[in-house]
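Order of the sequence lines fixes the chain letters, A, B, ..., with proteins taken first and strands second; residue numbering starts at 1 for each chain.
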4 protein chains.
Amino acid sequence: MPKQTFFNLNSSKQNRIIDAAIAEFGAHPYLKTSINRIIKKADISKGSFYQYFNNKKDLYKYVIDQVSDAKMKFLGEKLQNYQQLEFFELLRELFIAGIQFRKNFPRYSEIGDRVLNSSNKDLKNELYAESKPKSNDFFEKLLLKAVQEGKIDPEIDIKFTAFMLTEFSVSIVNYFFETHDTDNVDEIMNYVDKMLYIMKNGIAKGDKNVTN
Amino acid sequence: MPKQTFFNLNSSKQNRIIDAAIAEFGAHPYLKTSINRIIKKADISKGSFYQYFNNKKDLYKYVIDQVSDAKMKFLGEKLQNYQQLEFFELLRELFIAGIQFRKNFPRYSEIGDRVLNSSNKDLKNELYAESKPKSNDFFEKLLLKAVQEGKIDPEIDIKFTAFMLTEFSVSIVNYFFETHDTDNVDEIMNYVDKMLYIMKNGIAKGDKNVTN
Amino acid sequence: MPKQTFFNLNSSKQNRIIDAAIAEFGAHPYLKTSINRIIKKADISKGSFYQYFNNKKDLYKYVIDQVSDAKMKFLGEKLQNYQQLEFFELLRELFIAGIQFRKNFPRYSEIGDRVLNSSNKDLKNELYAESKPKSNDFFEKLLLKAVQEGKIDPEIDIKFTAFMLTEFSVSIVNYFFETHDTDNVDEIMNYVDKMLYIMKNGIAKGDKNVTN
Amino acid sequence: MPKQTFFNLNSSKQNRIIDAAIAEFGAHPYLKTSINRIIKKADISKGSFYQYFNNKKDLYKYVIDQVSDAKMKFLGEKLQNYQQLEFFELLRELFIAGIQFRKNFPRYSEIGDRVLNSSNKDLKNELYAESKPKSNDFFEKLLLKAVQEGKIDPEIDIKFTAFMLTEFSVSIVNYFFETHDTDNVDEIMNYVDKMLYIMKNGIAKGDKNVTN
DNA sequence: CATGAATGAGGGTTCATTCAT
DNA sequence: TATGAATGAACCCTCATTCAT
């Protein structure tokens, strides 16, 4: 966590620092990330940086938290309107909202992608201790409710299925960008529906083979 | 590719170098990886290193290739015995073989994990140009055959489903190691079966809800 | 340009660095020039060096600029006393001043020679974008004035002639040091006069064959 | 000088080596020049190289000699046809021949330019001990003959004037390429004529101000 | 709370030359 | 005569962090 000194700063300066950090962490893999560039962009001194943060990782984790919170807030707001939806429709809206977030806050997503794809296990685990569960929890709650409402197969392992859904939300984006050069992220819904089709006919209770 | 000079070396020396590289690339994310440590461990001079390889990435890609080839060879041998199996049983044997490989060649797997999880997009794309497709192709062929034999739902997008399976083969291992401290990789089959259950009831044609 | 950090240093330290750089750049062709030697001589750390300068070329260009400015300042001061002189006498004084500069600041001249004789075209062009024109401009102005005053042949191409004079100011020194082992740079005036004789009877208007 | 072993090679192999060396020495400043690239291009082994030449400089000097000899031979042949010409016309033909050589053997000229512009004094002096005098001698002989025939001012210092002409032959080319982007080397004659005009009216005996 | 100079280990890479075969 | 593996010093440059002011 940042030191108290950081939070004592006026929010304009805080924002300058966070913005610079987001740009840097989004633009390079963590290990290539440079504090020098961050302080230069944020226009603060090196000494100040170390008065606000314990070290590079401290800032990194804080930024990830901010981004993660922003996404959860964004998704939460969207989903309030869909509480009455059936599980799979809600799931679909969730993916749509995720893609909207991506379009609205591309730099936030760059960081998210890097975190989820990072090969730095030690760092990743430290981060996952918080951030990944947030997503898993999200799906777990939805799944639990759907099971209780008799909408989906009670035989499934909820925790594991939540994990699968989280992995997919990342994988699909990866797949899309690995196989498409375009920026048209709407097309990605095509793959989301394919995935949902598979998931639905797999985990939905009874009445299989009915697509939607 | 390594230079010819590398292949001219006696195999004992080649092995010393590759072993040192595997250890290094398995122990650190690529960017933290050190040629100095590799040559020290392999007991060769810096000048020699650059007579064998063009640069660090050259060695890295070569090692990945070796590992990838070893895995494909290992899986290929295993699967020859199972050609007559039904699709989902074959799929299950495939995962079992993958886990066996992991147990038999733990250091190879460390590298494999790093590659698949790398956040260095440029490098990743360079490597994937070969390695990821290998896995995708594998699943694609199986899926195509199964569709032709009327074993699975012909509505699915084969390429995309192959991608999903590849992602799962990585994700499940990740999930296992994130949620378990033990080295007992056999327990992982529990998750494999859960995943297969979901996949099967999703993509298998007709007669849904029959587990096995 | 050096970074601001360099100019923030006390001048004693700045001088130590510049002196070390002058010695190094004067003693070796640019490509053989070593930052390691410079920082060792200047007694600063490698890290510090790169806090002051962007890279080796940055320092090099700065040193060249300093030397060039010093020479222009030196010549400018000398020439203020000779403004009323006739063109060829002024030209002669200019050469004398150049030689004096050489005697007074031998290490500056070593660098100057290297720059003018460098075979590194890319670097040279970058430097010449400023430094060579300084000399050419100098001669151009003198020539233009002399033409306007009717002292020299208006048929000549002023730019080209200025270039010739610049080249000579270098060549003559080269010639002298190639054919003499002595340090007695006064003797060089002998060649200057021979050159001026040729130039004069070539470009002076009318009344040729009158030496002085 | 190359070792005897080099001259024992069949001329095809000798040529391969010399051609590779010419390409390399023409493409980079001497210090950036790489034996590795030369042997690779010439398709000989490293060991062989050091059996043919004592070291890099040995090869370099030999190549320069070859190039220099080729130029002298080329000029010599041209000039046999012009022996009856008046001094300044001969001089002009000499420059034309020089430019022709440049056009016909561009790679030879690249090396020549690098040598004449080299900032590596030690190496340069070693080379000049032979090559530059060749050019100076050439002009000296012409000048001496012209003086004896009463064509030019006997007051001039022949050695020094020969040096000036040599410098000019280099400078003019430099000037041309610094001020022109085109490859049209014919245009260079414009500058040659300007230079000759200056030289002529300077060193020609009597009857000044008669251009041609 | 702010500053920014200082650090030095470490990074990857190049190179001409030697020498045993 | 031919080979090419081996060498290791030197190259330029980056970095996160410390600390005196």
Rounded distance [0.5 Å steps], [atom1] in [X] versus [atom2] in [Y]:
{"X": "C:Lys13", "Y": "C:Ile44", "atom1": "NZ", "atom2": "CD1", "answer": "7.0 Å"}
{"X": "D:Thr33", "Y": "D:Ile38", "atom1": "OG1", "atom2": "CD1", "answer": "6.0 Å"}
{"X": "D:Ile35", "Y": "D:Asn55", "atom1": "CD1", "atom2": "CG", "answer": "7.5 Å"}

Heavy-atom contacts under 4.0 Å between residues 2-12 of chain D and DNA chain E, which residues?
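Residues of residues 2-12 of chain D that come under 4.0 Å of DNA chain E do not exist, since none gets that close.
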
Quick one, which residues of residues 36-52 of chain A touch DNA chain E with a heavy atom under 4.0 Å?
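Contacts with DNA chain E under 4.0 Å: A:Ser45, A:Lys46, A:Gly47, A:Ser48, A:Gln51, A:Tyr52.
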
For C:Arg107, give me all partners under side-chain contact (heavy atoms from CB on, under 4.5 Å), at least two apart in sequence or on another chain.
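C:Asp19, C:Ile22, C:Ala23, C:Glu110.
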
Can you tell me how the ring of C:Phe53 sits relative to the ring of C:Tyr62, calling it parallel under 30°, perpendicular over 60° and tilted otherwise?
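Judged by the thresholds at 30° and 60°, the geometry between C:Phe53 and C:Tyr62 is tilted.
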
Show the nearest heavy-atom pair for residues A:Glu24 and A:Lys32, with the distance to one decimal.
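Between these two residues, the closest heavy atoms are OE2-O, 4.2 Å.
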
Who pairs with C:Phe25 by ring pair (Phe, Tyr, Trp, His ring centres under 6.0 Å), at least two apart in sequence or on another chain?
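Per chain and number, C:Phe25 pairs via ring pair (Phe, Tyr, Trp, His ring centres under 6.0 Å) with C:Tyr60.
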
Nearest-Å distance for atom pair [atom1]/[atom2], residues [X] and [N]:
{"X": "B:Asn55", "N": "E:dG11", "atom1": "CG", "atom2": "P", "value": "16 Å"}
{"X": "D:Phe53", "N": "E:dT18", "atom1": "CZ", "atom2": "P", "value": "16 Å"}
{"X": "A:Tyr60", "N": "F:dA16", "atom1": "OH", "atom2": "P", "value": "14 Å"}

Would D:Lys56 and D:Tyr30 count as a side chain to side chain contact (heavy atoms under 4.5 Å, CB included) if you check the C-alpha gap in whole Å, the side-chain angles of each, and the deciding distance to 0.1 Å?
CA-CA 10 Å; D:Lys56 182 169 146 181; D:Tyr30 178 72; 3.8 Å; yes

With nearest nucleotides of DNA chain E determined for D:Ser34 and B:Ile35 from heavy-atom distances, which residue corresponds to the more 5′ nucleotide?
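On the 5' side of the pair lies B:Ile35.
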
Please check the phosphate of F:dA2 (OP1 and OP2 only) for any side-chain N or O of D:Lys13 closer than 4.0 Å.
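So the side chain of D:Lys13 is within the cut-off, an N or O lying under 4.0 Å from OP1 or OP2 of F:dA2.
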
Can you tell me which stems involve DNA chain F, if a stem is defined as three or more consecutive Watson-Crick or G-U wobble pairs, both distances under 3.5 Å?
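Listed by first number, the stems are E:2-21 with F:2-21.
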
All pairs passing side chain to side chain donor-acceptor pair (under 3.5 Å) where residues 39-51 of chain C contributes a residue, at least two apart:
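Qualifying pairs: C:Asn36-C:Lys46, C:Ser45-C:Ser48.
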
Any donor-acceptor pair under 3.5 Å from D:Gln14 side chain to D:Leu9 backbone:
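The answer is yes, because a donor-acceptor pair under 3.5 Å joins these two groups.
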
Decide yes or no on side chain to side chain contact (heavy atoms under 4.5 Å, CB included) for D:Ile18 and D:Phe6, but give the supporting numbers first.
CA-CA 11 Å; D:Ile18 297 305; D:Phe6 174 72; 4.0 Å; yes

